[in-house]
Amino acid sequence: MNAFHYYCSTRIEMGMGRALHLPELLHSLQVGSSILLVSDPGVIRAGLVEPIQTALEEAGFAVSLFASLSQNPRDTECLAGAEQFRDSGADMVLAIGGGSAMDTGKTIALCGPNGGTPADYADGRLPYANIAPIICVPTTAGTGSEVTRSAVITESATHRKMTLKHAALRPTLAVLDPSLTLSVPPAVTAATGVDALVHAIEGYTCKVTNPISQALGARAMQTIVSALPAAYADGRNEEARAAMLEGSLLAGLCFGSADVAAVHCLAEALGGLYDTPHGVANAVFLPHVLRFNAAENKPMHARLARYMGFAADADADELAVEKLIDGIEAFTHGLGIPKLKDLPGVRKEDFPRIVELSVQNGSTPSNVRTITAKDYLRILEEAYRS
């Protein structure tokens with residue numbers, strides 16, 4: 001019997017219009033009355049923040065808005081937010097947005113009360129302690145950051161993607177409101193949805209997985225593969241949007257007590273160098289890493305093919321694995337995901353640096369098949385030729 005642990009302290013509230021109940025939810029949690037609200041300019045322009053901010057202010061909360069963040073959040077942005085947290089006398093951080101807002105919010109809640117830089121925590125120089133309460137309201141269905149213990153931040157000086165990881169970084173409250181996702185553009189719907197799918201796949205297959213994560217991952221895969229094409233085709237499809245939020249949540253709960261693996265290591269290296277949207281980077285590498293991993297573990301990857309409906313129960317494992325690779329490639333192609341060679345800025349001359357960053361990533365040891373620098377380079381070259 002393998003020993004394992006699973007832990008999630010986040011209170012989860014889900015339902016159409018649930019975000020407007022934030023005032024009563026925060027009052028019930030008794031986490032203070034002064035809020036640093038972290039969001040990004042696109043979410044603000046879409047009109048998603050103002051109704052929530054107004055409801056909070058009418059309920060007596062003091063709200064200070066921080067919106068200086070990028071799609072791949074940087075340490076410098078987090079430090080500016082930490083300074084605003086202290087200057088405003090905030091008690092808590094409320095992040096409204098996608099993964100960039102939530103990861104930035106988590107880092108502000110860490111650095112704001114304690115000082116230091118994100119690298120100080122990622123590299124073990126400072127302890128994770130005295131973290132302000134974190135409330136997350138996702139506006140995309142992809143990152144799962146609303147229930148995870150981690151935040152990924154780019155170190156501006158080196159382009160390194162740092163992972164801050166600790167149980168204390170789990171949000172106090174996650175409010176999932178499908179109505180906030182109805183205006184997400186198709187390209188963002190596709191990229192964030194594939195990100196969630198990769199969370200489920202890697203959380204299920206990684207070396208540090210556990211039975212609970214695998215159960216959640218299996219359900220997440222089924223849900224996402226079924227719902228994502230419908231949400232991509234019709235953004236106003238409330239049923240598909242709700243299913244995608246559920247699938248993203250389940251995927252976050254899957255990898256949040258396990259880990260991600262080689263797909264994310266490559267994707268984070270790409271995002272650090274070129275600012276490539278994280279979900280797009282995951283999508284371009286997914287079939288190639290699956291092919292590499294499945295070569296040494298066909299039964300596990302055959303199960304993935306069956307969960308996602310790419311293979312039948314009666315299919316032999318070898319056939320199911322081939323259907324998995326073909327199915328994933330067709331799935332991402334149908335969502336308009338570009339190829340690696342078509343992404344802005346990507347150059348073959350940078351492959352050694354991408355490999356270096358991937359090997360340095362703390363999730364490389366979690367990959368289900370041991371992966372080396374030579375393997376990463378081979379996968380990069382294969383993805384670039386495809």
Side-chain angles (χ1 to χ4, degrees), residues 4 6 8 99 103 141-145 147-152 161 163 165 191-225 228 247-271 278-308 310 321 324-325 327-329 331-332 337 357-371 375-376 379 383:
F4 68 91
Y6 187 92
C8 183
D103 284 6
T143 178
S145 189
V147 289
T148 69
R149 57 181 170 169
S150 57
V152 179
K161 286 264 194 170
T163 300
K165 184 181 291 186
T192 54
V194 174
D195 186 23
L197 182 61
V198 177
H199 289 156
I201 291 171
E202 295 201 309
Y204 184 102
T205 60
C206 71
K207 288 179 179 175
V208 292
T209 194
N210 60 76
I212 299 173
S213 287
Q214 289 191 323
L216 291 163
R219 176 62 181 266
M221 286 180 243
Q222 294 169 343
T223 300
I224 293 165
V225 169
L228 182 52
S248 175
L249 171 71
L250 293 170
L253 291 168
C254 168
F255 87 92
S257 285
D259 200 1
V260 289
V263 177
H264 267 77
C265 297
L266 285 162
E268 289 172 7
L270 209 68
H278 180 60
V280 171
N282 271 325
V284 299
F285 292 122
L286 177 58
H288 307 286
V289 173
L290 284 173
R291 181 177 286 110
F292 171 81
N293 286 339
E296 286 195 1
N297 199 324
K298 284 187 172 63
M300 174 182 281
H301 288 80
R303 288 200 300 274
L304 302 187
R306 296 179 185 115
Y307 290 144
M308 289 184 269
F310 298 135
V321 167
L324 171 66
I325 309 301
I328 288 290
E329 287 181 332
F331 185 74
T332 56
I337 301 290
L357 290 169
S358 299
V359 170
Q360 290 173 357
N361 192 298
S363 294
T364 283
S366 294
N367 195 61
V368 65
R369 179 183 177 187
T370 299
I371 188 166
D375 297 323
Y376 272 129
I379 289 168

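The figures here come from the full heavy-atom set of this structure, side chains too, leaving out hydrogens, waters and symmetry mates.
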On a heavy-atom basis, the closest approach of A283 and I337 is CB-CG2, 3.5 Å

Over all heavy atoms of both residues, which pair between L290 and I201 is shortest? Give the atoms and the distance, please. CD2-CG2, 4.0 Å

Using the side-chain contact (heavy atoms from CB on, under 4.5 Å) rule, take L286 and E329 through it: C-alpha gap first, then chi angles, then the decisive distance, then the call. CA-CA 9 Å; L286 177 58; E329 287 181 332; over 6 Å; no

Check whether any side-chain heavy atom of C8 lies under 4.5 Å from a side-chain heavy atom of L253, and answer yes or no. yes

Distance flag, aromatic centroids of Y204 and Y307, threshold under 6.0 Å: yes

Atom CG in N282, atom OG1 in T332: separation rounded to 0.5 Å? 11.5 Å

Distance (rounded to the nearest 0.5 Å) between L357 CG and L270 CG: 10.0 Å

Of the non-hydrogen atoms in P365 and K207, which two are nearest, and what is the gap between them? O-CD, 3.4 Å

Take T163 and E268 through the side-chain contact (heavy atoms from CB on, under 4.5 Å) test and state the conclusion after the steps. CA-CA 10 Å; T163 300; E268 289 172 7; 4.2 Å; yes

Could you go through Y6 and L216, starting from their C-alpha distance and side-chain angles, then the distance that decides it, and tell me whether this counts as side-chain contact (heavy atoms from CB on, under 4.5 Å)? CA-CA 12 Å; Y6 187 92; L216 291 163; 3.4 Å; yes

side-chain contact (heavy atoms from CB on, under 4.5 Å) for H301 and V368? Distances and angles first, verdict last. CA-CA 11 Å; H301 288 80; V368 65; 4.1 Å; yes

With distance as the sole test, does R149 use its side chain to make a donor-acceptor pair with the main-chain N or O of G256 at under 3.5 Å? yes

Could you go through T192 and D195, starting from their C-alpha distance and side-chain angles, then the distance that decides it, and tell me whether this counts as side-chain hydrogen bond (donor to acceptor under 3.5 Å, both in side chains)? CA-CA 5 Å; T192 54; D195 186 23; over 6 Å; no

For C254 and A258, work out which heavy atoms get closest and say how close. O-CB, 3.7 Å

Tell me, do I325 and F310 make a side-chain contact under 4.5 Å, heavy atoms counted? no

Check side-chain contact (heavy atoms from CB on, under 4.5 Å) between E296 and all other residues, then give those that pass, not counting sequence neighbours. R369

Measuring from T143:OG1 to H278:NE2, what's the distance to the nearest 0.5 Å? 7.0 Å

Side-chain donor or acceptor of N367 paired with backbone N/O of T370 under 3.5 Å: no

Provide the closest heavy-atom pair for Y376 versus T364 in the form atom of the first, atom of the second, distance. OH-OG1, 2.8 Å

Would you name the heavy atoms of V263 and E202 that are closest together and state the gap between them? N-OE2, 2.9 Å

Counting distance only, does the side-chain N/O of S248 pair as donor-acceptor with the main-chain N or O of G142 below 3.5 Å? yes

Measuring from atom CD1 of I371 to atom CG of L266, what distance do you get when rounded to the nearest 0.5 angstrom? 6.5 Å

Find the distance between CD (Q214) and OG1 (T205) and round it off to the nearest 0.5 Å. 8.5 Å

Would you call the rings of H264 and H199 parallel, tilted or perpendicular if under 30° counts as parallel and over 60° as perpendicular? parallel

Are any of the side-chain heavy atoms of V208 and F4 separated by less than 4.5 Å? no

dist S150:OG -> F255:CZ (nearest 0.5 Å) comes out at 5.0 Å

